[in-house]
Number of protein chains: 2
Amino acid sequence: MKTADQVLVKQINKMIVLNTIYKKRPISRAEIAKVTGLNKSTVSALVDELLTEELVLEMGTGESQGGRKPVNLSINKEVGNIIGIDLGVNYILSIMTNFAGEIIWEKRIDLQHTHNSPGQRIADLQTLIQETIENASQTVRGIIGIGIGVPGIVNYEQGLILSAPNLGWENIELRSIIEQKFGVPVFIDNEANAGAIGEKWFGAGKRADEFLYISAGTGIGAGIIINNELYRGSRGLAGEIGHMTVSLDGIPCSCGNTGCLEEYSSEKALFRYMKEHICVEELTIFNIIDNAIAGDDVSRRAFEYVGKYLGIGVANLINAFNPQLVIIGNSLPLAGDILMDELRKEAGKRCFASKYFSVKILPSQLNMHACAMGAAALVISRLYASPVS
Amino acid sequence: MKTADQVLVKQINKMIVLNTIYKKRPISRAEIAKVTGLNKSTVSALVDELLTEELVLEMGTGESQGGRKPVNLSINKEVGNIIGIDLGVNYILSIMTNFAGEIIWEKRIDLQHTHNSPGQRIADLQTLIQETIENASQTVRGIIGIGIGVPGIVNYEQGLILSAPNLGWENIELRSIIEQKFGVPVFIDNEANAGAIGEKWFGAGKRADEFLYISAGTGIGAGIIINNELYRGSRGLAGEIGHMTVSLDGIPCSCGNTGCLEEYSSEKALFRYMKEHICVEELTIFNIIDNAIAGDDVSRRAFEYVGKYLGIGVANLINAFNPQLVIIGNSLPLAGDILMDELRKEAGKRCFASKYFSVKILPSQLNMHACAMGAAALVISRLYASPVS
DNA sequence: ACAATAGTTTGTTTGTTCGATAAACTAATT
DNA sequence: AATTAGTTTATCGAACAAACAAACTATTGT
């Protein structure tokens with residue numbers, strides 16, 4: 001029960017102005033007033049503050065509309081650098097972006113499963129972050145913060161990893177570890193949540209108020225955007241759809257149940273399908289994708305199999321959430337239409353809403369960068385929420 | 001992109017004050033200031049307005065806390081009457097409540113399936129509403145509005161019933177029909193959504209920010225409360241979970257697919273179970289419930305069967321939404337623990353979150369009144385949102 | 001050709017309104 | 001006398017409308 005006052009009013013309007021500049025840059029004060037409905041003088045005052053905070057820049061003038069030329073306003077991309085980390089199961093991807101979310105440096109390191117003790121992995125992470133920082137550009141405020149997407153259960157508020165089974169991690173206070181080491185604010189979120197935010201800020205979800213981001217990789221997870229914001233659920237566990245039952249007496253799952261979605265439509269399922277169809281080679285997910293695209297029959301059918309079941313899971317979620325859009329991300333959609341066609345077909349058939357209107361199902365626009373860019377957006381969004389910091 | 005101004009500030013704070021009085025009545029101005037954090041003088045001013053609008057009453061004084069006695073404030077229950085309608089498949093329930101949501105009159109009429117032409121049914125509805133109005137008490141503003149819960153797809157903004165297959169209705173402009181006839185504001189919503197709002201305002205969901213209301217009757221639907229508000233989805237179809245796939249190659253459904261939840265855990269499924277187990281009698285749902293409670297073996301096992309599968313559906317939703325609470329409503333939970341025990345067992349097994357904390361699964365507190373009371377709350381909540389009307 | 005001028009658009013300044021707040025007050029009670 | 005409840009008064013700060021200044025285009029007249 002948060003009461004309202006003038007501080008709140010100003011915060012909201014300032015955020016609206018900054019957001020408008022971010023989305024429609026270059027834009028003049030007059031135009032901001034027009035599209036937001038705020039008074040000209042109000043816009044002027046708020047823009048002045050944003051200018052002194054160096055979040056916004058005046059960049060020359062635009063074309064005259066029959067009178068005085070408008071002054072172009074733009075985001076100051078060089079206020080600071082943001083680091084976004086995708087902490088994968090067998091890789092770490094680190095990107096450095098400017099304030100506009102443009103990637104200015106990145107590096108991916110691949111890790112063997114062999115040395116996955118938490119300590120070693122965190123050391124690798126710290127080394128990579130250090131290297132990223134050393135490649136920062138000259139900016140007003142330096143490194144603004146670090147966002148990290150993790151494949152596991154996370155307490156976002158406390159920056160705590162409760163459990164990341166695929167990493168073999170339990171109760172790691174990752175935020176305080178990284179904050180102490182680098183002295184900047186750190187934000188930890190689930191990998192699928194980060195992916196959803198990435199697509200919301202920079203990808204296929206920019207214009208959708210409500211959408212689902214399905215991370216289909218080693219496991220299956222969903223990031224849920226409701227009312228333009230990430231929905232985390234009452235305890236931060238929303239979107240844990242890997243163990244959705246889709247087949248009552250289906251394949252037994254490591255969780256003790258049968259017929260979990262993850263057993264039918266993840267990398268795990270794909271590998272099993274390959275193995276069952278007499279494919280003895282040791283292949284990576286990327287090998288199978290390449291083979292499928294090149295026309296290999298078994299690989300294609302593996303993706304069709306996985307796509308069909310993923311379509312069932314997606315249909316179940318569409319029925320429950322009624323989103324405008326579903327984005328399929330992580331590794332599996334790299335197979336393109338081989339996966340997506342089958343997925344769309346099955347989802348369309350089983351989706352109740354499709355009788356009334358069609359739900360768009362798109363592959364990720366950011367591909368393997370979604371999680372890291374979303375992690376960076378976790379940091380950037382803080383600047384937007386409270387420009388005065 | 002809604003901008004903020006002082007009007008918004010006042011609206012928010014006034015609503016907070018009114019809500020605080022509603023929830024904690026009797027309460028003094030000083031106490032309101034304490035619990036909300038608003039300034040004493042602000043509270044005084046807002047309360048004064050609420051008093052002149054007759055939404056609030058001064059009702060004597062409370063015990064002294066060592067100084068001047070506090071003046072007790074309370075909701076003015078007699079500002080007006082609200083009508084809530086549950087438009088069932090074979091019944092119509094009409095309730096009349098005061099401003100506090102207390103039922104002061106109600107009537108349920110049972111209808112035969114035989115004459116379910118939309119015209120006849122709407123005539124029956126209008127007659128019942130008329131009778132309800134005639135039983136209104138003396139109030140300041142008379143009938144404030146009518147809320148109607150409908151088993152079908154509804155466009156809430158336009159008050160339009162797009163489709164109600166169980167009623168045989170398509171594209172009925174129910175709001176304008178009823179508004180024209182009775183000359184008061186009318187709100188139409190889906191039956192499960194109304195049930196969820198009912199439980200939120202008056203039932204088991206009062207204290208939960210995020211919960212799911214599962215309406216388990218003729219069909220299966222869900223009302224979703226997120227952030228203390230009903231979530232309707234991008235096109236008002238959120239919660240249409242009847243055709244969630246729970247068994248890949250399961251029972252064929254009227255929708256053309258196989259393994260839909262509704263085929264396993266609705267009244268329909270219960271009746272089928274009874275028939276398959278050599279029960280030739282023509283029974284109503286209430287007969288089966290009574291028999292089950294009385295100890296009849298087949299009836300009990302029918303509820304256990306349905307409960308188990310409903311548990312799977314509930315687990316899938318918990319995994320996706322991570323609510324604090326799930327409320328099971330409509331007819332099936334009238335069987336009590338016979339249904340609920342099996343449901344909880346299965347949901348607990350298949351619910352990913354249960355490894356981290358337990359989700360409460362409760363039967364409806366309002367039982368068959370949830371929908372009608374929620375429909376009334378649709379009207380009442382409008383008074384709260386904009387006290388000046 | 002070109003200066004004068006009218007009209008338009010952009011952005012700033014000024015004065016007003018309105019809501020929340022703090023502080024000083026009155027009122028009522030132990 | 002001390003304490004609690006509620007009101008009054010003065011102040012602050014936000015958005016806003018209106019008036020203004022600045023910068024530009026278009027039109028007109030010579």
Side-chain angles (χ1 to χ4, degrees), chain A residues 1-18 20-21 24 26-52 56-74 386-388, chain B residues 1-18 20-21 24 26-52 56-74 386-388:
Chain A
M1 193 155 52
K2 182 107 184 290
T3 59
D5 58 8
Q6 296 201 355
V7 177
L8 178 73
V9 170
K10 187 168 179 178
Q11 226 171 56
I12 291 172
N13 290 340
K14 196 165 173 180
M15 207 180 103
I16 288 173
V17 170
L18 184 54
T20 307
I21 296 173
K24 313 210 168 177
I27 188 173
S28 68
R29 291 167 173 83
E31 184 71 12
I32 295 171
K34 214 171 280 168
V35 301
T36 60
L38 286 167
N39 190 281
K40 286 195 299 173
S41 49
T42 307
V43 172
S44 266
L46 294 175
V47 165
D48 277 357
E49 288 191 21
L50 292 170
L51 285 169
T52 60
V56 162
L57 286 178
E58 293 189 329
M59 314 236 324
T61 55
E63 284 298 290
S64 164
Q65 305 295 310
R68 177 172 167 177
K69 281 184 185 168
V71 176
N72 281 336
L73 297 170
S74 187
S386 59
V388 197
Chain B
M1 192 157 50
K2 183 102 185 291
T3 59
D5 58 8
Q6 297 206 10
V7 177
L8 178 75
V9 170
K10 187 168 182 180
Q11 226 173 55
I12 292 172
N13 290 340
K14 196 166 174 180
M15 206 180 103
I16 288 173
V17 170
L18 183 54
T20 307
I21 297 173
K24 313 213 166 171
I27 188 171
S28 69
R29 292 168 174 78
E31 183 71 10
I32 294 171
K34 214 171 284 167
V35 301
T36 60
L38 287 166
N39 190 281
K40 284 197 300 174
S41 48
T42 307
V43 172
S44 265
L46 294 175
V47 165
D48 277 356
E49 288 190 20
L50 292 169
L51 285 169
T52 60
V56 162
L57 287 177
E58 293 189 329
M59 314 240 319
T61 55
E63 285 298 290
S64 165
Q65 305 296 312
R68 177 174 167 178
K69 283 183 184 169
V71 177
N72 281 336
L73 298 170
S74 188
S386 58
V388 195

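Here the structure is a predicted model, which is why all the values come from computation and not from measurement. Order of the sequence lines fixes the chain letters, A, B, ..., with proteins taken first and strands second; residue numbering starts at 1 for each chain.
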* Asked: Think Asn39(B) has a side-chain N or O under 4.0 angstrom from the OP1 or OP2 of dA20(C)?
  -> no
* To do: Rounded to the nearest angstrom, tell me the gap between atom CG in Asn72(A) and atom P in dT10(C).
  => 12 Å
* Decide yes or no, distance alone: a donor-acceptor N/O pair under 3.5 angstrom between the base of dG19(C) and the side-chain of Lys10(B). => no
* Asked: Is Arg29(B) near enough to dT7(D) that one of its side-chain N or O atoms lies under 4.0 angstrom from OP1 or OP2?
  -> yes
* May I ask you to say what Val71(A) touches in the nucleic acid, namely base, sugar-phosphate or nothing, with a heavy-atom cut-off under 4.0 Å? => sugar-phosphate
* To do: Indicate, yes or no, whether a donor-acceptor pair under 3.5 Å links the base of dA28(C) to the side chain of Ser64(B).
  => no
* To do: Select base, sugar-phosphate, or nothing to describe what Ser41(A) touches, counting heavy atoms under 4.0 Å on all strands.
  => base
* When the nearest nucleotide of DNA chain C is assigned to Asp48(A) and to Asp5(A) on a heavy-atom basis, which residue is associated with the more 5' position? -> Asp48(A)
* Asked: Do Thr3(A) side-chain and dA20(C) base share a donor-acceptor contact under 3.5 Å?
  -> no
* Asked: Any side-chain heavy-atom pair from Leu38(B) and Ile32(B) closer than 4.5 angstrom?
  -> no
* To do: Specify the separation, in whole Å, of atom CE of Met15(B) and atom P of dG19(C).
  => 17 Å
* Using whole Å, report how far CD of Glu31(B) lies from P of dA5(D). => 8 Å
* **Rounded distance (Å) that lies between atom C1' of dT7(D) and atom NZ of Lys69(B)** => 20 Å
* Structure fact -> In whole angstroms, the gap separating P of dA28(C) from CD of Glu63(B) amounts to 18 Å
* Would you mind reporting whether Val17(B) and Arg29(B) have side-chain heavy atoms less than 4.5 Å apart? => no
* Structure fact -> CG of Leu51(A) to CG of Leu46(A), rounded to nearest 0.5 Å, is 11.0 Å
* To do: Determine whether any donor atom in the side chain of Gln6(B) lies under 3.5 Å from an acceptor atom in the base of dA14(D), or the reverse, and answer yes or no.
  => yes
* Asked: With distance as the sole criterion, do the side chain of Arg68(A) and the base of dT10(C) form a donor-acceptor contact below 3.5 Å?
  -> yes
* Separation of atom CG in Asn13(B) from atom P in dG19(C), rounded to whole Å -> 11 Å
* **Donor-acceptor pair, side chain of Asn13(A) and main chain of Ala4(B), under 3.5 angstrom** => yes
* Asked: Just checking Lys40(A): base, sugar-phosphate only, or nothing, at a heavy-atom cut-off of under 4.0 Å?
  -> base
* Length of the CD-P vector between Gln65(A) and dC24(D), whole Å -> 14 Å
* Asked: Can you check the Leu46(A) CG to dT12(C) C1' distance for me, whole Å?
  -> 14 Å
* Gly67(A) vs Glu58(B), nearer the 5' end of DNA chain D by closest nucleotide -> Glu58(B)
* Would you mind checking if Lys24(A) and Glu31(A) are paired as a salt bridge, meaning a charged N to carboxylate O distance below 4.0 Å? => no
